[in-house]
Every structure is written in structure tokens, then in C-alpha cells.
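Quick note: numbers below take in every heavy atom, side chains included, and nothing from hydrogens, waters or symmetry partners. Naming: A, B, ... by sequence-line order, numbering from 1 per chain.
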There are 2 protein chains.
Amino acid sequence: MTLPALDRHSAVPLYYQIQQHLLGQIRSGALKPGEPVPSELELSAGLRISRMTARQALKSLCELGVAYSRRGKGTFVSEMKLERNFRQALSFSEEMQARGSKPRSRVLSFEVTDATPDVAKALRLPHGEKVVSLRRVRLADSSPMGIEWSRLPLQLCPDLLRSFDPRGSLYQALQERYGIRIAVTEEVVEASVAGAGEAKLLGIRRSAPIFAFTRTSYVRGGQPVEYVKSTYRGDRYKLVNRLTRPDGGSAGED
Amino acid sequence: MTLPALDRHSAVPLYYQIQQHLLGQIRSGALKPGEPVPSELELSAGLRISRMTARQALKSLCELGVAYSRRGKGTFVSEMKLERNFRQALSFSEEMQARGSKPRSRVLSFEVTDATPDVAKALRLPHGEKVVSLRRVRLADSSPMGIEWSRLPLQLCPDLLRSFDPRGSLYQALQERYGIRIAVTEEVVEASVAGAGEAKLLGIRRSAPIFAFTRTSYVRGGQPVEYVKSTYRGDRYKLVNRLTRPDGGSAGED
DNA sequence: AAGTGGTCTAGACCACTCG
DNA sequence: GAGTGGTCTAGACCACTTG
């Protein structure tokens with residue numbers, strides 16, 4: 001087991017340097033699933049750091065899901081595929097890039113409107129507040145994948161209509177222009193079938209299976225930023241989720 | 001701000017006692033969304049504990065998603081609905097009970113078979129290994145919700161066929177009889193339409209929208225325990241997910 | 001008995017935010 | 001400058017697992 005060379009004068013925290021090193025060992029196969037990673041004492045003695053720092057490094061590994069700890073036994077590399085295929089709160093652009101496809105958009109409308117009751121409720125706006133509304137057909141490598149209808153509070157992004165090219169990445173624009181960073185997305189997913197309008201926009205036949213999403217995205221503190229209703233082709237789109245169980249407590253099986 | 005009375009002789013960790021107390025304050029409304037929770041120094045001075053312990057309590061709150069910290073500012077109650085409606089790796093029985101419905105099952109088959117290639121791969125079994133196969137129609141309050149087809153490695157639960165009443169909760173039996181506790185589930189969700197056989201079992205018309213799930217469940221270390229293919233009615237079933245963004249890093253917005 | 005992780009202490013320096 | 005969280009130290013006792 002090779003230990004990392006730490007840079008004690010770096011702005012990068014020690015525990016994070018260790019975490020990254022171990023992550024590299026796991027990815028490269030030097031540490032295999034089921035094998036123990038260095039114990040807290042091994043790390044603290046070998047790297048001349050305090051045990052709490054070693055502990056923080058191992059804990060952060062566990063939080064990533066790539067390792068797990070057992071009291072009295074040690075910390076081990078998880079046997080789960082740690083492929084990053086699991087769904088996160090990605091924008092369409094990010095998701096398509098992660099798949100190796102080129103995201104494109106066909107803009108259906110881009111305007112300021114009054115918030116309808118469902119939008120106002122989701123975005124926690126007063127009745128009749130103005131929102132930016134953006135409707136787009138989303139394409140991957142020129143083939144239609146879904147229809148998205150986003151609404152954002154106008155006050156959060158007052159000149160979006162003028163400054164944003166609606167064919168580009170909305171999340172990127174929000175971050176760059178307003179410093180708004182989405183932290184979490186809540187979504188409701190329904191299975192449905194395409195209506196006539198959807199079928200035409202998506203290039204599928206009527207009554208073909210589709211996913212219907214209703215999503216609300218929030219910044220870190222919980223303020224809602226975006227409310228999206230979207231429709232995705234059932235033949236082109238799958239959801240890959242990773243669900244954890246409520247407790248996961250520390251009682252012993254084995 | 002009332003601080004909790006700590007029991008220093010309890011087996012319950014101090015940080016956990018504090019976490020539970022703050023959680024209670026948030027749920028009761030004594031601490032409202034956006035308000036600061038007691039700072040690390042307030043807790044450590046007021047409760048005569050070390051700052052690291054106070055910190056652990058606050059950090060555990062943040063990990064639950066009910067609070068968030070900002071360097072230089074403080075730790076605040078998150079504005080997100082902290083309702084526990086988000087999907088977790090629940091069994092059908094648990095999910096229906098959480099909804100207030102009574103779970104029931106109609107058993108279609110319950111037998112030992114050879115693992116097909118897809119099953120062997122998902123459960124990481126050698127070719128031709130035996131698996132327990134259980135097919136059921138799942139009902140909520142006597143109305144059909146979905147069809148589930150579970151396969152489990154026979155070696156993990158050798159006498160399940162004899163000892164388990166297949167109308168009951170499989171997860172509960174696994175835990176009670178074999179000490180097996182599911183920790184995480186990976187799933188692939190597809191939108192589809194009912195075929196003739198599914199339509200009949202579910203009491204819906206042919207071509208009605210359905211969800212098709214392919215799930216693999218693992219114990220804490222990552223060993224696969226159950227492989228399930230299931231079909232759920234699109235008119236009765238919604239997925240409510242909470243997705244987080246990759247980074248969530250600590251750069252400053254506000 | 002030796003090794004492991006879980007919890008806890010009493011300090012320390014730093015970067016950041018705000019008045 | 002005062003207060004905040006982020007990191008780090010060098011110890012400690014405990015419960016649990018294994019030989």
C-alpha cells in the first residue's frame with residue numbers, strides 16, 4: 001500500500017489530498033473491491049497526521065459511497081460499481097455531454113409571463129409575479145429527446161431575456177451571470193403516452209410511451225430557482241437511480 | 001433558543017442527542033427555515049462540550065439536508081420541505097404502509113430455478129447457479145399496483161422456499177431469518193406500455209402507460225442480494241426523487 | 001491481547017462575513 | 001475586530017472483532 005505524498009503548504013486540505021489519493025488507488029485497481037483501505041492508525045502514523053484527519057479522509061470516502069466502515073474490522077472498498085452513471089441533478093446539456101452526445105435546442109418560446117398558480121406555488125412567489133418562461137425541444141446529436149418548459153422568477157435573473165442565448169445551457173448562464181448554483185432538484189416522474197402535439201415535436205407516433213417530469217430546483221439554502229415541466233421519449237431515455245435505505249444502521253450482520 | 005439537557009451517561013452519543021434536539025426544534029417550528037441554528041461556539045459553551053462535538057452535531061444535521069452551513073456566517077435551517085416523501089430503497093410493503101395503504105400479494109409462482117444469464121450477471125453468480133424465483137402481483141388495498149419478479153441467490157437463503165410465506169414482506173424475512181439487510185438499490189426505470197398479459201394481471205387496458213423497473217439490491221458491502229424486474233401501473237404510481245448536484249462546492253453565491 | 005472504528009476533549013490557526 | 005465555520009493536532013476511553 002503506497003501512501004500519498006502530502007503537500008502541507010497547499011491550500012488543498014490534507015484529508016482531501018488523502019481522499020483523492022485513495023480514490024485514485026481504487027479507480028486504478030490497486031485497491032480492489034472488498035479489500036481494506038489503510039486504517040486510521042496506519043494513515044496517521046504513516047503520514048504524520050493526527051488520527052482525526054485520517055478519519056476525516058476515510059469518512060469522506062464512505063460518504064462518496066466507494067468504501068464502508070465496520071467498527072472493530074476496518075474500512076473496505078465497496079463492491080458496488082462506482083460508475084458515475086447514477087442520476088444527479090444535471091442539466092440537459094451536462095447529461096448529454098456526459099453521454100458523449102452533443103446537446104442542442106430548438107427554441108419554441110422565450111418570454112416573460114405571469115406565474116400561473118402551480119408555478120407561483122412551486123417557486124414560492126406571490127400571485128401574479130412575473131417569471132421568465134422558456135420552451136425548448138431538446139436534441140441529442142440533432143435527434144429530438146424531449147420537450148422542456150422552464151419557468152424562473154424574473155427577479156432572480158432580471159435581464160435573462162436580453163443576455164441569454166436560449167439555445168445554450170441555462171444552468172451555465174445562471175451561474176456565470178448571477179452566481180446562482182443549483183444544489184438540489186426535486187422531481188416527480190410519471191409514465192404516460194404522447195399526445196398529438198408532443199408526438200409531432202418529438203418525432204414519435206401518438207400514444208408512444210413517454211416520461212413526464214415535474215421538477216423544482218433549489219440553491220443550497222432551499223430557495224427555489226427553476227420550475228420545469230418536461231416530456232421525454234420513452235424509447236430514448238432511461239432513469240438510472242441509486243436508492244439508499246432509511247437506516248443503514250450499525251447493527252451487525254455479516 | 002433552548003438548549004437540550006444532555007445525558008452524559010447515556011449510550012446515545014452526545015452529538016446525536018444534540019442533533020435530535022435541534023431536529024425537534026425544527027419540526028416543531030421553534031426554529032424556522034432560514035433562521036440560524038446555534039453556532040458551534042454557542043453549543044460548546046452552553047452545553048459544556050468540545051467544539052468538535054458541537055460541530056459533529058451540526059454536520060449531521062447538514063447531512064440530513066435540514067440545514068446548511070456557510071463559512072463566516074453560520075448554520076441555517078434549510079428552506080426545503082423536509083418531508084420524507086423522497087424515494088428510498090423501500091420494499092413494496094414498506095412503501096404502501098408509508099402511504100397508508102395495506103400491502104397484499106397474489107403469488108404467481110415461488111420456486112427454485114436456474115439463473116438466466118442476466119440474473120447471474122446481476123447477482124454475480126456462476127453460470128447455472130440456483131436462484132429462488134418469486135413472482136407476485138402486488139396490491140394496495142386489494143387493487144393491483146404492479147407485478148414483481150424477484151430472484152435471489154439460493155445459497156444466501158437456502159430454506160426460503162420452505163420457511164417464507166410468499167404473501168409477506170420479503171425484506172423482513174431476509175432480515176429476520178438470515179440477518180440480511182438491504183443497504184442500497186440500483187434501478188433502471190423505463191417508460192413503456194402494457195402488453196396483453198400485464199394488462200390482464202393489472203386490470204388495465206392494453207397499451208396503458210406503465211413503469212418498467214429493473215432493480216438490483218445490495219447489502220452494505222456491495223454484495224448483490226436480489227434482482228427484480230417489475231412493472232407498475234402508470235396511473236397509480238409516481239416516482240418522487242430528490243437529486244443532488246455533483247459538486248455543491250463551497251464557492252460563494254448568495 | 002491487539003487492532004479496529006466511534007466518540008470526545010481542549011486547545012490551535014485560518015478564511016470568510018459583517019458591521 | 002468579532003464572530004463564524006473549515007481544518008488540524010495529540011491525546012483519551014470505549015465497543016467491537018479477531019486470533
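Heavy-atom nearest nucleotides on DNA chain D were determined for A:A54 and for A:G72, and the one closer to the 5' end corresponds to A:A54. Nearest-nucleotide positions on DNA chain C for B:Y16 and A:E40 put A:E40 closer to the 5' end. Toward the 5' end of DNA chain D, the nearer of the two residues B:G74 and A:I49, judged by each one's closest nucleotide, is B:G74.
We find that CZ of B:R71 is positioned 7 Å from P of D:dG6, with the value rounded to whole Å. The distance from atom CG of A:D7 to atom P of D:dT7 is 16 Å, rounded to the nearest whole Å. Residue A:L61 contributes atom CG, which lies 12 Å from atom P of C:dG5 at whole-angstrom precision. D:dG5 atom P lies 9 Å from atom CG of B:L43, rounded to whole Å. Whole-Å rounding puts the B:F76 CZ to C:dT17 P distance at 12 Å.
The main-chain N or O of B:S10 is found under 3.5 Å from a side-chain atom of B:D7 such that the two form a donor-acceptor pair.
Here A:K73 reaches the OP1 or OP2 of D:dT18: one of its side-chain N or O atoms lies under 4.0 Å away. For the pair B:T75 and D:dT4, the criterion of a side-chain N or O lying under 4.0 Å from OP1 or OP2 is not met. The phosphate of D:dG6 has OP1 or OP2 within less than 4.0 Å of a side-chain N or O from B:R55. The phosphate of C:dT4 (OP1 or OP2) has no side-chain N or O of A:S69 nearer than 4.0 angstrom. Between D:dT9 and A:R8, a contact under 4.0 Å exists linking OP1 or OP2 to a side-chain N or O. Between D:dT7 and A:T53, no contact under 4.0 Å exists linking OP1 or OP2 to a side-chain N or O. Contact between the side-chain N/O atoms of A:Y15 and the OP1/OP2 oxygens of D:dT7 is found at a separation under 4.0 Å. Between A:S39 and C:dT4 there is a side-chain N or O to OP1 or OP2 distance below 4.0 Å.
In terms of heavy-atom proximity, A:L170 sits nearest to A:E226 at CD2-OE2, 3.4 Å.
On a pure distance criterion of 3.5 Å, a polar donor-acceptor pair joins the side chain of A:R51 and the base of C:dG6.
Contact check for B:T216 versus B:V228: no side-chain heavy atoms found under the 4.5 Å cut-off.
Side-chain contact annotation: A:S133 with A:E111, donor-acceptor N/O pair under 3.5 Å absent. One side chain, B:S91 or B:E94, offers a donor N or O that lies under 3.5 Å from an acceptor on the other.
The side chain of A:M52 has C:dC8 as its nearest neighbour among D:dT7, C:dG5, C:dC8. The side chain of B:P13 has C:dC8 as its nearest neighbour among D:dT4, C:dT4, C:dC8.
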